[in-house]
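In what follows, a structure is listed as structure tokens, so that the remarks can point back to it.
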Amino acid sequence: MRRWGSIRAPREAVECVVIGAGIVGMAIARQLAIAGKNVVVVEAGSAVGTGTSSRNSQVIHAGIYYPVRSLKAALCVLGNKAMYSYCQERSIPFKRLGKLIVATSLQQAKTLLRLQETGVANGAEDLRMITAAEAMAMEPELNCVKALWSPSTGIVDSHSLMLSLQVCSYSIFSSRFSCSSLQADAEEKGVALALNSTVLGGTVRSDGGLDIVVHETSSAANKSVDELVSTAEMVLSASYVINSAGLHATAIARNIEGLSSSSIPENYFAKGNYFAISSSKAPFSRLIYPVPEEGGLGVHLTIDLGGATRFGPDVQWLKLSTTSVTTEFDYSVDPARARSFYPEIRKYFPGLPDESLVPDYSGVRSKLCGPGQGGSGCSDFMIQGKKDHGIPGLVHLFGIESPGLTACMEIAKRVCQIL
């Protein structure tokens, strides 16, 4: 174990450190500020939300898919209402388009019934099973034998949402501040954003707080943590630390001296590729989802606020033996993967023209279940506090994938409750 406590670098005392400026990290910072805390958000990237938060379907989910009494179910259902309210109050663009989950075989129709029962038990009470004729009257290009209609599902401009949560940014290496958003919710309550700042690790102090070791991202590229230890540029001495680092959350946790490794879960990574349709005319006016598959919700059709149609994500398991806090992910989309998209999409959209799919973008999901482990009870969010690892000033967020965007406000409230 590295001796982080012996690092000789400038130290700065802060009350709360949030690691990661994705949508969840920024929501947590906002909630802590509302509670009267002074917060520094430390982000390795050059801007807010450049990771998972900007590489997803931008869907406001209703809470249909997740096991009853799971964190995903509870926080998604509450988050659905909170998200629509938040966006309406702040004029953040969104549309309550509704979603059709479609069965294309009689066997899948049985799965739809189970989904409806789960969704209603979770609190998504407006779900309605409709016939194929009803569904295809709503969407003439659709093919199905039955559909589950979710009117509470919608889409949001995630970029505008993140900007609404953004706060004053500054360099912890030069102490230069600049306010980057007039819509900042937490700006007046003592929140600052430190960009280009990679967290290497830290140590637990005897008072229960943590010392967090930070290195400037631009000079950390392509180097191992061992190489960077001797050149660490700042130590943040915090009373509270929230590890909301997304894809790097487990790597950071492994680098905290004084934290038992037994409390850190295994982490898997599933890349999801998206393809756009080259046609200028959108074939559907609502979101279209197949029945779920292992590792994801199937190759579904989403529409953004500009009317563009895209399909995805698929599930491409990444073979990473381990990751570090400086691991970079490949977000390129292989055009050849379109071959597997066509037969899946044509099950519900038989009119998809040949050669009409073009690579769009990809994202990587942090998973606590690997291939073939979906039924082992490890597919929920994991939000760890003192009762899980024994450290009063530390909260970890592991496996925060979909519906993380929908649930971000409620996740933030849960973190504050734990602290």
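Only this structure's heavy atoms are used, side chains among them; waters, hydrogens and symmetry mates stay out.
For Ser366, the side-chain hydrogen bond (donor to acceptor under 3.5 Å, both in side chains) criterion is met by Asn267, not counting sequence neighbours. For Lys413, the salt bridge (charged side-chain N to carboxylate O under 4.0 Å, His left out) partners are Glu410, not counting sequence neighbours. Here Arg414 pairs with nothing under the side-chain hydrogen bond (donor to acceptor under 3.5 Å, both in side chains) rule; sequence neighbours left out. In this structure Asp304 satisfies the salt bridge (charged side-chain N to carboxylate O under 4.0 Å, His left out) test together with Arg310, sequence neighbours excluded.
Ring planes of Phe311 and Tyr348: tilted class, angle from 30 to 60°. Ring-plane geometry between His61 and Tyr289 is classed as perpendicular, the angle between the planes exceeding 60 degrees on a 0 to 90 degree scale with a lower cut at 30.
Judged purely by atom type and a 3.5 angstrom limit, Glu43 uses its side chain to pair as donor or acceptor with the backbone of Gly45. A donor-acceptor pair under 3.5 Å links the side-chain atoms of Asn255 to the main chain of Leu200, judged by distance alone. No donor-acceptor pair under 3.5 Å is formed between the side chain of Tyr240 and the backbone N or O of Pro392. The main-chain N or O of Ser402 is never found under 3.5 Å from a side-chain atom of Asn56 such that the two would form a donor-acceptor pair. Not a single donor-acceptor pair under 3.5 Å links the side chain of Ser237 to the backbone N or O of Asp211. In this structure, the side chain of Asn273 does not engage the main chain of Val333 through any donor-acceptor pair within 3.5 Å. No side-chain donor-acceptor contact under 3.5 Å links Ser150 to the backbone of Leu127. Side-chain N or O atoms of Glu15 include none that pairs as donor or acceptor with a backbone N or O of Lys37 at under 3.5 Å. Between the side chain of Ser54 and the main chain of Gly49, a donor-acceptor pair closer than 3.5 Å is present. No donor-acceptor pair closer than 3.5 Å links the side chain of Arg337 to the backbone N or O of Pro359.
Interatomic distance, CZ of Phe275 versus CG of Asp314, reported as 7.5 Å (0.5 Å rounding). Atoms CG and CD1, on Leu405 and Ile411 in that order, are 9.5 Å from each other to the nearest 0.5 Å. Remark: Leu112 CG to Gln116 CD distance equals 8.5 Å, nearest 0.5 Å. Put simply, OG on Ser158 and CG on Leu163 are 10.0 Å apart, with the number rounded to the nearest 0.5 Å. For the atom pair CE of Met83 and CG of Leu161, the computed distance is 5.0 Å after rounding to the nearest 0.5 Å. For the atom pair CD1 of Ile212 and CZ of Arg11, the computed distance is 11.0 Å after rounding to the nearest 0.5 Å.
Here the closest heavy-atom approach between residue Leu247 and residue Phe269 is recorded as O-CE2, 3.5 Å. Between Ser356 and Tyr342, the shortest heavy-atom contact is N-OH, 3.0 Å. Nearest heavy atom pair, residue Thr217 against residue Ala44, reads OG1-O, 2.8 Å. Of all heavy-atom pairs spanning Leu32 and Cys16, the tightest one is CD1-CB, 4.3 Å.
Geometrically, Arg90 engages Tyr86 in a cation-pi contact defined by less than 6.0 Å to the ring centre and at most 45° from the axis.
Legend: side chain to side chain donor-acceptor pair (under 3.5 Å) pairs involving residues 387-397, not counting sequence neighbours, sorted by first then second residue: Asn243-His396.
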Ser152 vs Asp126, test: side chain to side chain donor-acceptor pair (under 3.5 Å). Steps then yes/no.
CA-CA 7 Å; Ser152 293; Asp126 59 356; 2.3 Å; yes
Can Ser85 and Glu89 be said to form a side chain to side chain donor-acceptor pair (under 3.5 Å), step by step?
CA-CA 6 Å; Ser85 176; Glu89 289 171 4; 3.2 Å; yes
Sequence neighbours left out, cut at 3.5 Å: what donor-acceptor pairs do the side chains of residues 130-145 make with other protein atoms?
unit_1, atom_1, unit_2, atom_2, d
Thr131, OG1, Glu134, N, 3.1
Thr131, OG1, Glu134, OE1, 3.3
Glu134, OE1, Thr131, N, 2.8
Glu139, OE1, Ser285, N, 3.3
Glu139, OE2, Ser285, N, 3.1
Glu139, OE2, Ser285, OG, 2.9
Glu139, OE2, Arg286, N, 2.9
Glu139, OE2, Arg286, NH1, 3.0
Asn143, ND2, Lys347, O, 2.9

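Atom NZ of Lys146 is surrounded by 12 or fewer heavy atoms from other residues, nucleotides or ligands within 6.0 Å.
Ile19 pairs with exactly one of Val41, Leu236, Ile252 by the side-chain contact (heavy atoms from CB on, under 4.5 Å) rule, that one being Ile252. For the salt bridge (charged side-chain N to carboxylate O under 4.0 Å, His left out) with Glu401, the qualifying choice from Arg55, Lys367, Arg365 is Lys367, the only one to do so.
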